[in-house]
Amino acid sequence: MSETLRLNGKDVAIVPGESVLELSRRVDVEIPTLCHDPRLKPVGACRTCLVEIDGMHRLVPSCATKAAAGMAIDTNSERVVRHQKALFALYLSDNVDAAETDDTSAPSELHAFASKVGAPTTWPKMQHKRFQRAGDRNPYIEYRADRCILCARCTRYCEEVESVSAITLAARGSETTIATSDNRSLLDTTCELCGGCVDVCPTGAMAEKKPLSLSLLPARELEKVRTTCNYCGVGCQMDLNIDRMANDGRGVVAKITSPDAGVLPNDGNLCVKGRFAYQFIDHADRLTKPLVRGEDGELAESSWEDALRIASEGLKRVAARHGADSLSFVSSSRCTGEENYLVQKLSRAVFGTNNVHQCAAT
Amino acid sequence: MAAKDKMERLLEALHEAGGLAEGTAAKVAAELGVPEAQVYGAGSFYHLLGSPDSRLRVCTGLSCAMRGGRKLLALAEEAGMPVSECSCLAACDRAPAMLRERSVLVDVEPADIEKADGDWRAVQGSELPEDWRGRVGPDDSELPMNLGGAQNFTGSALAKACEMGAEAAIAAIEESGLQGRGGAGFPAAIKWRAVRAQASNPHYVVLNADEGEPGTFKDRELMLRRPDLVLEGLAIAAYCLGASDVYLYLRGEFRGPWSKLEKAIEKYSEEGALDGVTFHLHSGHGAYICGEETALLEALEGKRGMPRLKPPFPTESGLWGNPTLIQNVETIACVPSIIRRGGAWFKALGATEPGTKLYSISGDVSEPGTYELPLGASLDEVAAAAGGYEGELLAFSPGGASSGFLPASESGRSLDFASLSKVGSMLGSAGVVVMNTKSDIRESVREQLVFFENESCGQCAPCRIGTRYLREALDRDLQGSPSGKSLAEVAEVAWEMNEGSICGLGQAAALPLTSALQHFPNAFGGEKS
Ligand SMILES: Cc1cc2nc3c(=O)[nH]c(=O)nc-3n(C[C@H](O)[C@H](O)[C@H](O)COP(=O)(O)O)c2cc1C
Ligand code: SF4
């Protein structure tokens, strides 16, 4: 028999080791979170996930509290609801207006939760004091301090998941901000431009530069299409975010985002190429059909059948005239393991040469 | 160097490198093999590292502000000196105070600025920074701490504790009813037992000498005058808990207390009186929040001083994750006499709660200073010990900024943990600030709110945003907007700060404003007079 606790008056079985937040979400009881990410150690800092537990004097962060047998938890008591409204009202007074969040960066989790809990939006606005380094010349990532809520998802991700520690919480109190050492450009730090900070940001404070500079649809109206990254053989899953109307109705990939943490093999992580090097998709120079060089020395469009036939004849001709070792096969780092296997099969078994290499192997 | 030792050195290394000037984070990072951003992030947290020491800082704490601190600031600015404001320097009895590099200057007068002729390094207070102390009283050798008495390390209490054995010594502490003197009043014996009972090793003892609560300076005086009691108390704690390493965390401005402790450690160690205990002195770098026990642990570990979530409590998982006893200087200084004379003796010394208590009193009294009185003395009694009120009493703050304000009508109330919490205030660190009818309550509230806004660690939103929100609301009120309007959300923000904040700073930070609104509603609304 598994152990149980009471959640909003109902008995719920506990999965050993889970937090109150995980348990609640598992049974579809919604609790707002801003600083939570399943890949990171819980810090309980954003305070949005506080719940009331019988016998505990203070409200407790559900992300950092283990579910235990016999607990009686209330996620929407009068006290919790009052707390949520006041807390989100404070966040809103220290942040940009909801309308300003309508750009291609992430749809603001802050504003979505705030309206869900019914937080008052009328509290006077404050002038924020978060320092923002000017004009970081890196091509991809921009920090917009006016949207930052200091949940520290970005800095913790950079440290705990990527082991890079390029960015940090800096200063303190209302001046707390996200910074690099000596406020240098990300290019002059350990940053690998993986863009994980952009992906984990719940407000769009960490944003991708390029799409912001184009007039595209706001993030929530972009269409997501799941695909596999083709830069290497790992098979990372990622989402193309498509603006169908752009480009005279031909559509454009506005940006690439990670699927949720937990989607394998990459658990929501991407590298600089996967996340940012997608301009090739619509590039004029991109090859979309096979080309064959004719007698006249010019490349001309061809069919796959013809192109493959001509290539195989050429290879066979060279092997017949000069021997198999006059051939060498180099496969692309963008090939999968299976494809690489086939290339060496082709080289060794079909043509009979050991001259085979993969471009990422050295 | 082990990773842990490197981290322990991080902030000190940054200090030695001159604080966060360009390139120093990189240098320290290379020396210690720690990510550079981590060094930068940690350094930028601490005001004495983030903006390096080459300047004057003027205390704008309540007592200093009442005695002309802001005027000094203006004069220094006029004289073209590099100068800024800073939080309370724990020198309220010698107000107004200033910080020159890390030296605290006391009783500074406008003439001292003028004399310096534009050279900030030439500014002097009334005494050399290494030499000054505060006024204390009464001098009675029967008192547990007796600040007036001479330093006298006999080691007899430590010897007696060893003879009694740890269990019996802790039982004596329990019998004494000794409550933590750092602010929370938590029974000391419970923590000693909890650490002692932990199976995992090592156990650590940490002395909290960060004393940053505005209006409080008693720990400073204890370390200056009675380092013998502090060290013997620590040695007894280490013995009872099976600890061999003791960490002393002193705020960065405590150069005087530091050298007194350092000398005493050297002397008594040479005499062999402290065998088996290693003392590690650590300096703070300008962050009030590092007085909060778990923030203090983070600082000892070379990180940003952001409080940890509790549970787990430090008694279970403290310094480097090991069971740790953290105790305030005064709590520890009570221990030797409790062991020597017994728990019952100590307990009986109190008026309403056990023992004697050091009250720091400043502001509008004739002889500001530190007075050891029965715990539960009233404001009238503490003020009488301090030479009486100056002018007509209007209000007072009984236990530091975190305790808010009380009206003159409460001057007969016992200043103890229980009776102050009944009126929504607290004894806290017993840093009493007295204000007479010449003071401006609204301005005083503002000083306290600015303090919390500057000192919030910034980790959690209710405190980080709330402190600022309240200060801005008060500023609107000061600018003359009708109080109903500018202060409309104050009650709700204050409620949320108390409910939603991680640590005591945010939980108490609204109290200066809410208590003043409660007791002095007429002070608000309308343009500044
Ligand atoms: C914001 C804040 C600041 C604090 N500052 C101090 C301090 O300067 N000195 C101190 O001894 N305790 C301070 N405390 C209390 C400590 O967290 C802790 O309770 C104390 O060191 C425990 O020792 P005690 O039981 O001997 O008082 C502070 C607490 C908070 C919440
Ligand atoms: S209450 Fe304030 S000082 Fe305490 S953890 Fe939160 S932000 Fe930091």
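Note that the structure is predicted; figures quoted are calculated from it, not measured. A, B, ... follow the sequence lines: proteins, then strands. Residue 1 opens every chain.
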Answer with side chain, backbone, both or neither: which region of [X] has an atom nearer than 4.5 Å to a non-hydrogen atom of chain B?
X        : value
A:Ala179 : side chain
A:Pro120 : neither
A:Val43  : backbone
A:Lys125 : backbone

Side chain / backbone / both / neither for [X] at chain A, heavy atoms under 4.5 Å:
X        : answer
B:Thr467 : neither
B:Phe452 : neither
B:Arg476 : side chain
B:Leu309 : side chain
B:Met497 : neither
B:Ala29  : neither
B:Arg304 : side chain
B:Glu36  : both
B:Gln507 : side chain

Which heavy atom in B:Gly23 sits nearest to a heavy atom in A:Asp182, and how many Å separate them?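 Result for this residue pair: N-OD2, 2.8 Å.
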
Between the side chains of [X] and [Y], is a donor N or O closer than 3.5 angstrom to an acceptor N or O?
X        : Y        : value
A:Glu208 : A:Tyr140 : no
A:Asn269 : A:Tyr157 : yes
A:Asn138 : A:Ser185 : no
B:Glu292 : B:Thr294 : yes
B:Ser283 : B:Tyr249 : no
A:Thr176 : B:Arg464 : no
A:His36  : A:Thr33  : no
A:Glu159 : A:Ser165 : no

Looking at [options], which makes the most heavy-atom pairs under 4.5 Å with chain B?
options                               : value
A:His83, A:Met126, A:Arg82            : A:Arg82
A:Leu169, A:Leu59, A:Leu150           : A:Leu169
A:Leu87, A:Leu34, A:Thr155, A:Thr180  : A:Leu87
A:Lys85, A:Gln127, A:Glu175, A:His128 : A:Gln127
A:Ala152, A:Ala86, A:Gly173           : A:Gly173

If you count heavy-atom pairs within less than 4.5 Å of chain A, which of [options] leads?
options                     : answer
B:Ala473, B:Ala21, B:Ala287 : B:Ala287
B:Gly50, B:Gly43, B:Ser501  : B:Ser501
B:Ser44, B:Gly458, B:Ala42  : B:Ser44

So, B:Gln179 side chain and B:Phe186 main chain: donor-acceptor pair closer than 3.5 Å or not?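 Not confirmed, B:Gln179 side chain does not pair with B:Phe186 backbone.
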
Checking A:Arg172 against B:Phe45: charged group under 6.0 Å from the ring centre and within 45 degrees of the axis?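 That pair qualifies as a cation-pi contact.
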
Out of curiosity, A:Ser174 OG to B:Ile465 CD1, how far, rounded to the nearest 0.5 Å?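 One gets 9.5 Å once the value is rounded to the nearest 0.5 Å.
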
What is the ring orientation for A:Phe88 with A:Phe113, classed by angle as parallel under 30°, tilted 30 to 60°, or perpendicular over 60°?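 Rings of A:Phe88 and A:Phe113: tilted, 30 to 60°.
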
